[in-house]
There are 2 protein chains.
Amino acid sequence: MAEPLDPEMFDPVCPSSAMPIQIGDKWTAMVVLCLEDGARRFTELRGPLRGITPKVLTQTLRAMERDGLVTRTAYDENPPRVEYELTDLGRSLLILIDAARAWSRDHLPALLEARRAHESIPRPALLKRSRP
Amino acid sequence: MAEPLDPEMFDPVCPSSAMPIQIGDKWTAMVVLCLEDGARRFTELRGPLRGITPKVLTQTLRAMERDGLVTRTAYDENPPRVEYELTDLGRSLLILIDAARAWSRDHLPALLEARRAHESIPRPALLKRSRP
DNA sequence: TATCCCGGTATCGTTGAGGTAACCAGTATC
DNA sequence: GATACTGGTTACCTCAACGATACCGGGATA
């Protein structure tokens with residue numbers, strides 16, 4: 001199996017929301033990373049994905065299952081146990097996620113700096129505007 | 001400068017909308033590709049980006065300018081002329097776009113096939129549901 | 001009997017990206 | 001005077017994603 005997930009592996013205040021790359025829907029890339037080391041249970045995923053509501057996690061996993069990115073295995077035990085696991089297709093997204101993270105490491109600071117610098121100037125007057 | 005843009009370089013009916021990777025907003029990656037070979041004018045961009053409205057193109061370019069991905073140069077001629085050009089930062093997105101396109105070439109058919117196959121089965125009954 | 005656990009549903013509301021349509025200023029040309 | 005061209009702007013609307021909150025069924029446990 002795999003070690004327990006770090007409940008702080010995703011920082012909700014991290015600037016990744018400013019990152020100009022998105023894999024799937026809002027949570028898809030994070031789910032892929034959570035499943036990188038093996039199958040995980042529903043409630044196990046809710047830890048690192050801090051703030052995700054069960055409804056949205058269900059939606060995300062259903063969409064990923066539909067697209068062949070994860071498999072869902074329900075064991076007829078009780079309390080119920082359901083495990084999600086990456087398929088080869090889902091695992092193939094890891095190289096993209098790594099590329100996105102490499103870009104962020106190398107270039108996101110420049111983007112954020114450009115954005116910060118842009119906020120300073122009020123409005124550069126795009127074309128000559130005459131207001132009587 | 002650069003050769004005229006191919007007005008059919010983006011297929012509006014192409015399955016890229018199903019692609020689980022997005023660079024920036026909806027049109028950002030396409031704008032980057034349009035500017036790959038040199039500066040372009042506003043109306044020049046409207047050709048390949050078929051269906052984009054001037055408002056949305058303005059929004060897209062303003063956001064890219066704010067993030068330091070493009071520069072905007074207005075020449076005081078007339079009729080007015082405005083040129084947009086990639087910065088080094090904007091150009092750095094090309095490797096990400098290439099990675100996304102490589103993933104699509106290699107894996108998107110499998111995703112679409114999984115999606116198609118999933119539509120066939122009505123509902124696999126997630127957990128036992130009892131409705132009286 | 002009561003409560004907890006797990007893996008969800010059901011219902012409602014908010015938000016923002018994106019689209020539609022119309023309009024504009026200044027110059028040049030017919 | 002009318003029209004066209006460029007590079008936009010403005011007001012309005014739609015729709016899907018996302019979130020908040022509450023609830024559920026069935027068995028195990030206290």
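Protein chains get the first letters and strands the later ones, always in sequence-line order, with residue 1 at the start of each. Worth saying up front: this structure is predicted, and the values here are computed from it rather than measured.
What separates CD of B:Q22 from C1' of C:dG16 is a distance of 14 Å, to the nearest Å. Nucleotide C:dC5 holds its P atom 13 Å from the CZ atom of A:R46, rounded to whole Å. B:R81 places its CZ atom 17 Å from the C1' atom of C:dA28, with the value rounded to the nearest Å. At whole-Å resolution of the value, CD in B:E77 and P in D:dC5 are 18 Å apart. Between the C1' atom of C:dT9 and the CD atom of A:Q59 lies a distance of 11 Å, rounded to the nearest Å. At whole-Å resolution of the value, CG in A:D25 and P in D:dA17 are 7 Å apart. When the C1' atom of D:dG8 is taken as reference, atom CG of B:L57 falls 10 Å away, rounded to whole Å. One can place CD1 of B:I52 at 15 Å from P of C:dA17, the figure rounded to the nearest angstrom.
Under the 4.5 Å side-chain criterion, counting only non-hydrogen atoms from C-beta, B:V32 is not in contact with B:L69. A 4.5 Å side-chain heavy-atom check between A:L61 and A:W27 finds every atom pair outside the cut-off.
Across all strands shown, B:Y84 has heavy atoms under 4.0 Å from sugar-phosphate atoms exclusively, and none from any base. Counting any heavy atom pair closer than 4.0 Å across all strands shown, B:T43 reaches sugar-phosphate atoms only and no base atom.
When each of B:E44 and A:K55 is assigned the nucleotide of DNA chain D with its nearest heavy atom, B:E44 is the one assigned upstream, toward the 5' end.
At least one side-chain nitrogen or oxygen of B:R62 sits closer than 4.0 Å to the OP1 or OP2 atom of D:dT9. The side chain of A:R50 places no N or O atom within less than 4.0 Å of a non-bridging phosphate oxygen (OP1 or OP2) of D:dG19. In this model, the phosphate group of C:dG7 is approached by a side-chain N or O of A:R41 to a distance below 4.0 Å at OP1 or OP2.
Taking every heavy atom of both residues into account, B:P109 and B:R105 meet most closely at CD-O, 4.0 Å.
Between the side chains of A:Y84 and A:R40, no donor-acceptor pair of N or O atoms lies under 3.5 Å.
When the nucleotides D:dG7, D:dG19, C:dG19 are ranked by their closest atom to the side chain of B:W27, C:dG19 comes out on top. For B:F42, the listed nucleotide lying nearest its side chain is D:dG7; candidates were D:dG7, C:dG8, D:dT6. Distance from the side chain of B:N78 is smallest for C:dT27 among the nucleotides D:dG27, C:dT27, C:dG8. For A:T53, whose side chain is taken as the heavy atoms from C-beta onward, the closest listed nucleotide among D:dA20, D:dC18, C:dG19 is D:dA20.
Here the CG-CD distance, from A:L35 to A:E83, works out to 10.5 Å after rounding to the nearest 0.5 Å.
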